[in-house]
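Comments concern the structure below.
No experiment lies behind these values; they were computed from the predicted model shown. Protein chains get the first letters and strands the later ones, always in sequence-line order, with residue 1 at the start of each.
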Number of protein chains: 2
Amino acid sequence: MKLLENPEAMRNLSENWRSEGLVVGLVPTMGALHEGHLSLIRRARAACDRVVVSIFVNPTQFGRGEDFETYSRPFERDSALLREEGCDVIFAPTVETMYGGSSLDLSPSGERVYVEAGGLGEIWEGEARPGHMRGVATVVTMLLNIARPHRAYFGEKDYQQLKVIERLVRNLFFGIEIVPCPTVREPDGLAMSSRNVNLSPEERRAATVLQRALSAAANLKQQGESSVADLVAAMREVYDTEPLVSVQYAAVVNADTLAPLNSLEGGPARAIIAARVGETRLIDNIKL
Amino acid sequence: MKLLENPEAMRNLSENWRSEGLVVGLVPTMGALHEGHLSLIRRARAACDRVVVSIFVNPTQFGRGEDFETYSRPFERDSALLREEGCDVIFAPTVETMYGGSSLDLSPSGERVYVEAGGLGEIWEGEARPGHMRGVATVVTMLLNIARPHRAYFGEKDYQQLKVIERLVRNLFFGIEIVPCPTVREPDGLAMSSRNVNLSPEERRAATVLQRALSAAANLKQQGESSVADLVAAMREVYDTEPLVSVQYAAVVNADTLAPLNSLEGGPARAIIAARVGETRLIDNIKL
């Protein structure tokens, strides 16, 4: 397993692989790897000739007052896990390398060219975390251009991010296959997240309410024709029982555009939820 | 010479060339080719194994009330010229192919992911043509992703566009060499432009004032240490003599950031000018 920090070296290696006819898979991560990440890497390992895992805690997708500085960075542990999984290259650039001398300001008056997610980046997570989806779209563009994969793997846990990236690749013609992978959960249903380690034992128990609320909506849907209002009410009924959990949004949306739905007729739907559990912000979602 | 309309076919062809070790050059155009374009194509032809010329009048870089509908589209003539120049592929997609079913609205609330030029896209041309540089940055990203060149050729006539694209490629790690090519001029100094055909004979004569104003600034600079105010005044003195020409801006700027300069010390400078000549909008620039 190689460790690369230099974008040019990464691109040259990938271009060489490509010219040999090898299929390159990329798994972009911010490190602090858990079973969710490992499931993506195994998918990539099974389908690709070469697997690149990027580890980069991207400052431009964190807002002011968010946890960029305190985000867990257990590089040695991550590195050992990746070696076990048969990763070929860890691409782990510095912030300085990725953003050069120029500022981290992604804004219309800033010094940088950046990628804007459009309306899909303004709702839900975009509203709760202004600039977040812009930072995601920009860093993913950079990583795709550097690692030059045929396929890139993203978890469904960050569902809105996945949809933004699918749209990015389609609208801008990246010619890369985006492979969505199912959320991996703890035995009690909590979606795996690098931020779960920040939960106190009480918060950790309370946090399962996100998944329980989503399941209530999905079960109601499966039982027959429920209204969106019924599903939302069912979610609320569940999460209202947890005083440690402060829900930011819980909604039933169009599975592609993430627009709020009035009715479950007319295409695939998704239930999405975001909440603060103490100082920790968690998100989850379920197919309806 | 091949004519391709399909992005997938274009990308596949280019990827095949790349895997054979061939160097691919791209010359993005909106058609209505003139000697300026042909000079780019000759540069590409001399330095690359395969030359792709794209012809696409990109709607998202035109503002409301601008000349998208009336922009000259002499495809047969362009095609004949490109054949003579030894172009390997014309990539000429439809608007429908490039922008799919989704809207042409590149805005924070729109349905598309797009590329934003930042502050460099807000000044000068960006101020005169809101959204123009966003449209340019977006379509160039699409074309680079489709044609997958090693090198792409742009004229210095559209100087701000060139700087936006250089920054785009650098900030987003496209790994493509941007080759700037000198402005080609008519014998009387007018910069070649597809829009020159729209000028009446009187306007055509008056239009040379752009280049004459720029030359006045450059000459003054060469004569010794002039102030920026002197250079700007020299330009004004020249263009004020032409009642048919309405100047929108004439400025001395940092050659890389296009920030207005207070002094000529401290790095390369450029004089830039934009004007309306009747219904036609023209731009030009000169190295100082």
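Counting non-hydrogen atoms of neighbouring residues, nucleotides and ligands closer than 6.0 angstrom, the CD atom of B:Glu127 reaches no more than 12 such neighbours. Surrounding CG of A:Asn262 are at most 12 heavy atoms belonging to other residues, nucleotides or ligands under 6.0 Å away. Crowding of A:Glu265 atom CD: a count of heavy atoms from other residues, nucleotides or ligands under 6.0 Å not exceeding 12.
Both the backbone and the side chain of B:Thr141 come within less than 4.5 Å of a heavy atom in chain A. Only the side chain of A:Glu15 has a heavy atom closer than 4.5 Å to any heavy atom of chain B. With a threshold of 4.5 angstrom between heavy atoms, B:Arg134 does not approach chain A through any atom at all.
Here A:Pro108 is the residue among A:Ser109, A:Pro108, A:Ser19 with the most heavy-atom pairs under 4.5 Å with chain B. Annotation: maximal heavy-atom pairing with chain B below 4.5 Å, among A:Arg167, A:Glu116, A:Met142, occurs at A:Glu116. In terms of heavy-atom pairs under 4.5 Å with chain A, the best-connected choice from B:Ala117, B:Ala137, B:Ser107 is B:Ala117. Ranked by heavy-atom pairs under 4.5 Å with chain B, the list A:Leu143, A:Thr138, A:Val115, A:Thr257 is led by A:Val115. Put simply, of B:Gly21, B:Gly118, B:Pro7, the one with the most heavy-atom pairs under 4.5 Å next to chain A is B:Gly118. In terms of heavy-atom pairs under 4.5 angstrom with chain B, the leader among A:Glu122, A:Arg11, A:Met98 is A:Arg11.
Side-chain atoms of A:Arg18 do not come within 3.5 Å of backbone N or O of B:Arg18 as any donor-acceptor pair. The main-chain N or O of B:Leu172 is found under 3.5 Å from a side-chain atom of A:Asn145 such that the two form a donor-acceptor pair.
Heavy-atom minimum distance, B:Val113 versus A:Val164: CG2-O, 4.1 Å.
A salt bridge does not link A:Glu111 with B:Arg170: none of the charged nitrogens is closer than 4.0 Å to a carboxylate oxygen.
For the atom pair B:Leu144 CG and A:Phe174 CZ, the distance stands at 9.5 Å (nearest 0.5 Å).
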